[in-house]
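Beneath this line is the structure, given in structure tokens, with notes to follow.
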Amino acid sequence: MRVLVVKDEESLAEAIGAGLRRDAVTAETARDGREALAKLRLGGYDVLVLDRDLPGLHGDEVCRQVIGQRLLTRVLMLTSPGTVHQRPDAPGLGLGLGADDYLTKPFTHEELLARVLALGRRPRPVPAPVIAHAGVTVDTARGLAARDGRPLALSHTELGVLEVLLRARGAVVSGDDLIEEVWEEHTSYRTNAVRVTLGTLRAKLGDPPLIETVPGAGYRMTGGPDGGDGADV
């Protein structure tokens, strides 16, 4: 099971993650909502442990985006004691926004672990087989891609990079993240594999360009001529 813990207090987030790892749960951390969404868009998390009281992008908004973008993870919302008098499914609380469960602070490690394991046992939603964005479609079940109905002859690696960028829905994906998601485990982070693959993929996609390089950060899909957001079909 893979869990993402989102809490702005780094020491507490690491303590929660370390506790989960002691119980054989793979746990990673994020310090704010934007970092969490970027990681979630890459997929692979079974449970999101989400602090509601995040600065900047509030936990409620993170939850809305997780549900609205159909990111395939269960959400456990951590709420403050001041909310216990409210109905847990009220619009201002996590369950009313689509979270799967909530836990009121303070809590014990045993309580958190029990909730996480229970959510992890639930079947995850099945991802849609076709991803579409600005005229580009990827049929993940059949390994086919097209732009504006024109089939694209992509290599396995090019198709993998395109799928990761499409699933990120306009968020920046770093070169290191692409290496982790697409390439074999032994691939060196220092190789120019990402740059070369992005070059051939851009050429095959044609004009107008859809993949933007963000200096010092990574790559992202642009909206294309229609400015549309990515969507699963």
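Quick note: residue numbers are just sequence positions, from 1.
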Task: 4.5 Å side-chain heavy-atom contact, Leu112 and Leu76 - done: yes
Task: Check: Thr197 and Leu178 side chains under 4.5 Å, non-hydrogen atoms - done: no
Task: Criterion side-chain hydrogen bond (donor to acceptor under 3.5 Å, both in side chains) against Tyr45, the qualifying member of Arg74, Glu28, Lys39 - done: Glu28
Task: Leu201 side chain reached by Ile211 side chain, heavy atoms, under 4.5 Å - done: yes
Open item on the list: Rounded to the nearest 0.5 Å, what separates atom CD1 in Ile131 from atom CZ in Arg167?
Closed with: 3.5 Å
Task: His133 side, atom NE2; Thr222 side, atom OG1 - distance, nearest 0.5 Å - done: 5.5 Å
TODO: Can you measure from CG (Leu162) to OG1 (Thr137) and round to the nearest 0.5 angstrom?
DONE: 9.0 Å
Task: Closest non-hydrogen atom pair, Leu50 against Leu54 - done: CD1-CD1, 3.8 Å
Task: Distance in Å, Leu165 CG paired with Leu210 CG, rounded so as to fall on 0.5 Å steps - done: 10.5 Å
Open item on the list: Set out, in order, the CA-CA distance, both residues' side-chain angles and the distance that settles side-chain contact (heavy atoms from CB on, under 4.5 Å) for Leu57 and Asp32, then state yes or no.
Closed with: CA-CA 7 Å; Leu57 192 65; Asp32 58 51; over 6 Å; no
TODO: For atom CZ of Arg34, decide whether the heavy atoms of other residues, nucleotides or ligands shown that lie under 6.0 angstrom number more than 12.
DONE: no
- [ ] State, to 0.1 Å, how close Thr29 and Leu4 come at their nearest heavy-atom pair, and which atoms those are.
- [x] C-CD1, 3.9 Å
Task: Ile16 vs Phe107 side-chain heavy atoms within contact, under 4.5 Å - done: yes
Open item on the list: side-chain contact (heavy atoms from CB on, under 4.5 Å), that's the test. Do Thr73 and Leu40 meet it? Break it down for me.
Closed with: CA-CA 8 Å; Thr73 184; Leu40 288 167; 4.0 Å; yes
Open item on the list: Between Lys204 (side chain only) and Ala153 (backbone N and O only), is there a donor and an acceptor less than 3.5 Å apart?
Closed with: yes
- [ ] Establish whether Met77 and Val49 are linked, either directly or via other cluster members, by ILVMFWY side-chain heavy-atom contacts under 4.5 Å.
- [x] no
TODO: Please tell me if the side chains of Leu113 and Leu20 come closer than 4.5 Å, counting only heavy atoms from C-beta onward.
DONE: yes
Task: Shared hydrophobic cluster, Leu48 / Leu117 (ILVMFWY, side-chain heavy atoms < 4.5 Å) - done: no
TODO: Check Met221 against Leu166 and note the closest heavy-atom contact, atom names and distance.
DONE: CE-CD2, 3.9 Å
Task: Where Val182 and Val161 come nearest, the two heavy atoms and their spacing - done: CG2-N, 3.8 Å
Task: Atom CZ of Arg150 with >12 non-hydrogen neighbours under 6.0 angstrom - done: yes
Task: Heavy-atom check, side chain of Val66 versus side chain of Leu37, under 4.5 Å - done: yes
TODO: Using the rule that two of Ile, Leu, Val, Met, Phe, Trp, Tyr join whenever any of their side-chain heavy atoms come within less than 4.5 Å, decide whether Met1 and Leu103 are in one cluster.
DONE: yes
Task: Where Arg52 and His58 come nearest, the two heavy atoms and their spacing - done: O-CE1, 3.1 Å
Task: CG-CZ distance between Asp101 and Arg122, expressed to the nearest 0.5 angstrom - done: 6.5 Å
TODO: Check the pair Thr79, Thr104 against side-chain contact (heavy atoms from CB on, under 4.5 Å), reporting the backbone distance first and the verdict last.
DONE: CA-CA 5 Å; Thr79 65; Thr104 302; 3.5 Å; yes
TODO: Report yes or no: do Tyr219 and Leu152 belong to one cluster of Ile/Leu/Val/Met/Phe/Trp/Tyr joined by side chain heavy-atom distances under 4.5 Å?
DONE: yes
Task: Arg202 and Thr213, any side-chain heavy atoms less than 4.5 Å apart - done: yes
Open item on the list: Given 3.5 Å as the limit, does a donor-acceptor pair link the side chain of Asp100 with the main chain of Val75, or not?
Closed with: yes
Task: Shared hydrophobic cluster for Val164 and Val172 (ILVMFWY, side-chain gaps under 4.5 Å) - done: no
- [ ] Determine whether the side chains of Thr200 and Glu158 contain a donor N or O and an acceptor N or O closer than 3.5 Å.
- [x] yes
- [ ] Return the minimal non-hydrogen interatomic distance between Gly17 and Ala27, and the atom names on each side.
- [x] O-CB, 3.7 Å
